Asker: 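I'd like to ask you about the structure that follows.
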Number of protein chains: 2
Amino acid sequence: MGLVDKDGLTEREFLEQYRAGDYERPSVATDMVIFTVTEEEADSYRKLPEKELRVLLIRRGGHPFLGKWALPGGFVRPNETTEQAAVRELSEETGVEDVYLEQLYTFSDIGRDPRTWVISCSYMALINSDKLELRSGDDAADAAWFKVSYRPLREQKELNEDGFIKTQEYELQLSGEEELSAIVKRTTTAKTTSTGTDYEIVTNDGLAFDHAKIIAYAIERLRGKLNYTDIALHLMPKFFTLTELQQVYEVVMDKELLKAAFRRKVADLVTETDLYTENAGHRPSRLYRRNLEE
Amino acid sequence: MGLVDKDGLTEREFLEQYRAGDYERPSVATDMVIFTVTEEEADSYRKLPEKELRVLLIRRGGHPFLGKWALPGGFVRPNETTEQAAVRELSEETGVEDVYLEQLYTFSDIGRDPRTWVISCSYMALINSDKLELRSGDDAADAAWFKVSYRPLREQKELNEDGFIKTQEYELQLSGEEELSAIVKRTTTAKTTSTGTDYEIVTNDGLAFDHAKIIAYAIERLRGKLNYTDIALHLMPKFFTLTELQQVYEVVMDKELLKAAFRRKVADLVTETDLYTENAGHRPSRLYRRNLEE
DNA sequence: GCAATAGTGTCTTTTAGACATTATGTG
DNA sequence: CACATAATGTCTAAAAGACACTATTGC
C-alpha cells in the first residue's frame with residue numbers, strides 16, 4: 001500500500017524506522033492450574049475406590065515466598081505465545097504433551113509479584129490418570145499433587161437504592177505434603193446497569209503469590225463448564241465406566257448426583273464399547289469412551 | 001519470616017538486591033470490544049424501530065494499518081492493572097464511566113503487531129443506549145459505531161481414527177462509515193483425550209491487527225452468556241419494555257424468539273414497574289427494570 | 001374500525017428429579 | 001447365596017416450544 005502518514009512515511013518505511021519506546025514494560029508469565037483426578041486406595045476389595053480432584057503445586061526453592069507452594073509456570077519468552085509457554089511449562093513439569101488446555105484469566109494486580117511488574121496469563125490443564133502414570137521421575141525439585149477442596153463459607157448481600165453488593169467467601173483447602181488453606185472472597189457490585197466482580201484473598205496459609213485466587217478461579221471455571229460441555233472427559237482415561245465418570249463429576253462439583261439422571265445427561269457425550277470391567281467383586285461394568293461424533 | 005535462601009538472604013534482603021533481568025519483555029495493551037444496541041429510524045409512525053448491535057471502532061491515523069479501523073485500546077501503564085487500563089480507555093473513548101466490563105481473552109500471537117512484541121488483554125464492555133447519548137463531542141479523531149453481523153458460513157468435520165478436526169467459518173460484517181468484512185475460522189482439534197481450539201483470520205478487509213478475531217471472540221462470548229446470565233440487561237436503559245429486551249436478544253443471537261417463551265425465561269431477571277410507554281400508536285407497554293433482588 | 005403491538009392461556013414435548021426394581025460376577 | 005455395584009424402568013414435576021387468542025391504544 002502506498003499510503004503515507006503525517007511524516008510522509010509509507011508503512012514499510014515506518015516499520016523500518018520504528019523503535020520500541022523506552023516506557024516500562026511488564027514481565028509476562030504463565031501460571032498453570034493442572035488438574036487431575038486420582039483414586040484413593042479402596043478400603044475393601046469389593047468397594048469402589050474414592051476419587052479425588054488434585055492440583056499440581058511446586059515448592060518454591062528461592063525468594064520470594066521461599067518454601068511456599070506455587071503453581072507451575074514461568075516467563076513467556078520472545079517468539080512464543082502465552083499458550084506455547086504454557087505447553088512448554090506443562091511438558092517440563094509433567095512430561096505430558098497432549099492435554100486439554102484452556103486460557104483462564106490474566107491477572108495483573110499491582111504488587112502481585114514483589115520482585116517486579118509481572119502480569120500472569122493463567123491456563124487450566126486437565127490430565128487424565130492414564131497419562132499421569134507416564135510422568136515418573138520429574139526434575140522439578142519439589143512438585144506434588146494436592147487434593148483440592150473448595151467450599152462456600154458464607155455469603156452476604158446488601159441492597160441499596162440502585163444496586164447491591166454481594167460477597168461470597170470460599171474456603172480453599174489443599175492437602176498433600178502439607179495442609180494449605182486460603183479464603184477467597186468474591187465481591188459482586190451491581191448498579192442499575194453495570195456489574196463488576198472482584199476476587200480477593202482474605203487469608204492465605206502456604207500458597208505463594210496470588211495463586212489461591214488463580215486456583216479458585218480455575219475451580220469455578222471447571223465447575224461451570226462441567227454442566228454444559230464435555231470437559232470432564234478430559235479427566236478420564238481412554239476407557240472408563242459411567243460410574244467412574246459420575247464420580248469425577250461428583251468430586252469436581254462436590255455434590256452427589258443421582259445415577260439415572262446422570263446417565264441420561266452424559267449419554268450423548270460418550271460411546272459404549274464392548275468392553276467390561278473384570279474381577280471387581282460384583283457385576284461387571286460396561287466401558288465407554290468419549291463420543292467424538294457430535 | 002527469617003527463612004534464608006541458598007545465598008543466605010532473607011526475603012527482604014533478596015527483594016532489596018533484586019534487579020529485573022535484561023531479558024526482553026513484551027508491551028502489554030488492552031483492546032476493548034464495546035458493544036451497544038441502537039435503534040434504526042422507524043419506517044412508519046406505528047411500527048417499532050429495528051434494533052442493531054453495534055461496536056465502536058477507531059480509524060487509525062498512523063502506521064501501521066493507517067486508515068484501517070481498530071478497536072479502541074492502548075498500552076497498560078506501570079502501576080495500573082489491565083482492567084484499570086481498560087476503564088481508562090473506555091472513559092477516554094466514550095466518556096462513560098459505569099459500565100459492564102469483562103475480561104475476554106489475552107492474545108499473544110507472534111507478529112500480531114508489526115511494530116514490536118505486543119500482547120493484548122482484551123475486554124468486552126456493554127453500554128446501554130441511555131449512556132450512549134451522554135457521549136457527545138468525543139475527541140478521538142475518527143471513532144464510529146459499526147453495525148455488527150456475525151454469521152456461520154460453512155462447517156466441516158473430518159473424523160480420523162482417534163479424533164476429529166472441525167472447522168467452522170464465520171463471516172463478520174461491520175457496516176458504518178465503511179463496509180468492513182472478515183472471515184474467521186475456528187478449528188477444533190480433538191484427540192481421544194485432549195481438545196484444542198484455534199482462531200484464525202482467513203480474509204480481512206478493513207480491520208487493523210488481529211481485531212477481527214477479537215471481535216469474533218467477543219460476539220461468541222456475548223452470545224454464550226446471553227442464555228445463562230442477565231448480561232443482556234447491561235445493554236438496556238434503566239426502564240425498558242419486554243419487547244425491547246426481546247429485540248436485544250434477537251439482534252445479538254441473530255435469531256427470532258417466541259414471545260411467550262421469552263417472557264417466561266426472563267421473568268426472574270426483571271422487575272415490573274407501574275410505568276408504561278405512551279403515544280406508541282398501539283397498546284401501551286409496561287416498563288420493566290433489572291431485578292437486583294436475585 | 002383498523003393497524004400494530006401487548007400480554008396471556010393452554011396444549012404438547014422435553015428435560016430433570018426421585019426412587020424403586022431387576023441384573024450379575026465374585027468370593 | 002450374599003455382597004456390592006450395574007443398569008434400567010417409571011412416576012412426577014418442571015421447563016421449553018409452539019401457537020392461538022384476547023386486550024389496548026392512536027389515528
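In this text, all values refer to a predicted model and were calculated from it rather than measured experimentally. Reminder, nothing fancy here: chain letters follow the sequence lines and each chain counts from 1. Reckoned from all heavy atoms, side chains included, excluding hydrogens, waters and symmetry mates.
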Asker: Going through the distances and angles, do B:Phe240 and B:Tyr288 end up as a ring pair (Phe, Tyr, Trp, His ring centres under 6.0 Å)?
Answerer: CA-CA 5 Å; B:Phe240 51 86; B:Tyr288 289 76; 7.1 Å; no
Asker: What is the distance from CD of B:Gln246 to P of D:dG17, rounded to the nearest Å?
Answerer: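 One finds 13 Å between P of D:dG17 and CD of B:Gln246, rounded.
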Asker: Send over the distance from A:Arg286 CZ to D:dT5 C1', rounded to a whole Å.
Answerer: 16 Å
Asker: Rounding to a whole Å, what distance do you find between A:Arg264:CZ and C:dC19:C1'?
Answerer: 11 Å
Asker: From CZ of B:Arg263 over to P of D:dA23, roughly how many Å is that when rounded to an integer?
Answerer: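 Distance check: B:Arg263 CZ to D:dA23 P gives 16 Å.
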Asker: A:Phe240 CZ to D:dA6 P: how many Å, rounded?
Answerer: 14 Å
Asker: Roughly, in whole Å, what's the span from CZ in B:Arg283 to P in D:dT22?
Answerer: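 Whole-Å distance recorded here is 14 Å.
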Asker: When you compare the side chains of A:Thr195 and B:Arg290, does any donor N or O come within less than 3.5 Å of an acceptor on the partner?
Answerer: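 Looking only at side-chain atoms, B:Arg290 and A:Thr195 do form a donor-acceptor pair, the distance falling under 3.5 Å.
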Asker: Side-chain N or O of B:Ser285 less than 4.0 angstrom from OP1 or OP2 on C:dT5?
Answerer: no
Asker: DNA chain D: B:Ala261 or A:Tyr288, which has the more 5' nearest nucleotide?
Answerer: A:Tyr288
Asker: How many Å lie between OH on B:Tyr249 and P on D:dA16, as a whole number?
Answerer: 12 Å
Asker: In terms of the nearest nucleotide of DNA chain C, which residue is placed more toward the 5' end: A:Glu278 or B:Pro284?
Answerer: B:Pro284
Asker: Would you please say whether a donor-acceptor pair under 3.5 Å links the side chains of A:Tyr199 and A:Glu220?
Answerer: yes
Asker: Starting at atom CG of B:Asn279, determine the distance to atom P of D:dC27, rounded to an integer number of angstrom.
Answerer: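 Atom CG in B:Asn279 sits about 7 Å away from atom P in D:dC27.
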Asker: Quick one: which of C:dG25, D:dT8, D:dA18 gets closest to the side chain of A:His282?
Answerer: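 That would be C:dG25.
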Asker: Apply the test side chain to side chain donor-acceptor pair (under 3.5 Å) to residues A:Thr38 and A:Arg54: give CA-CA distance (whole Å), side-chain angles for both, the deciding distance (0.1 Å), then the verdict.
Answerer: CA-CA 7 Å; A:Thr38 57; A:Arg54 290 183 171 261; 3.0 Å; yes
Asker: Can you tell me if the side-chain N/O atoms of A:Thr243 get under 4.0 Å from OP1 or OP2 in D:dT5?
Answerer: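 For A:Thr243, the contact criterion (side-chain N or O under 4.0 Å from OP1 or OP2 of D:dT5) is not met.
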Asker: Going by atom types only, do A:Tyr150 and A:Gln173 share a side-chain donor-acceptor pair under 3.5 Å?
Answerer: no
Asker: What nucleic acid atoms does A:Lys259 come within less than 4.0 Å of, heavy atoms only: base, sugar-phosphate, or nothing?
Answerer: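 The answer is base, as A:Lys259 lies within the cut-off (heavy atoms under 4.0 Å) of a base atom.
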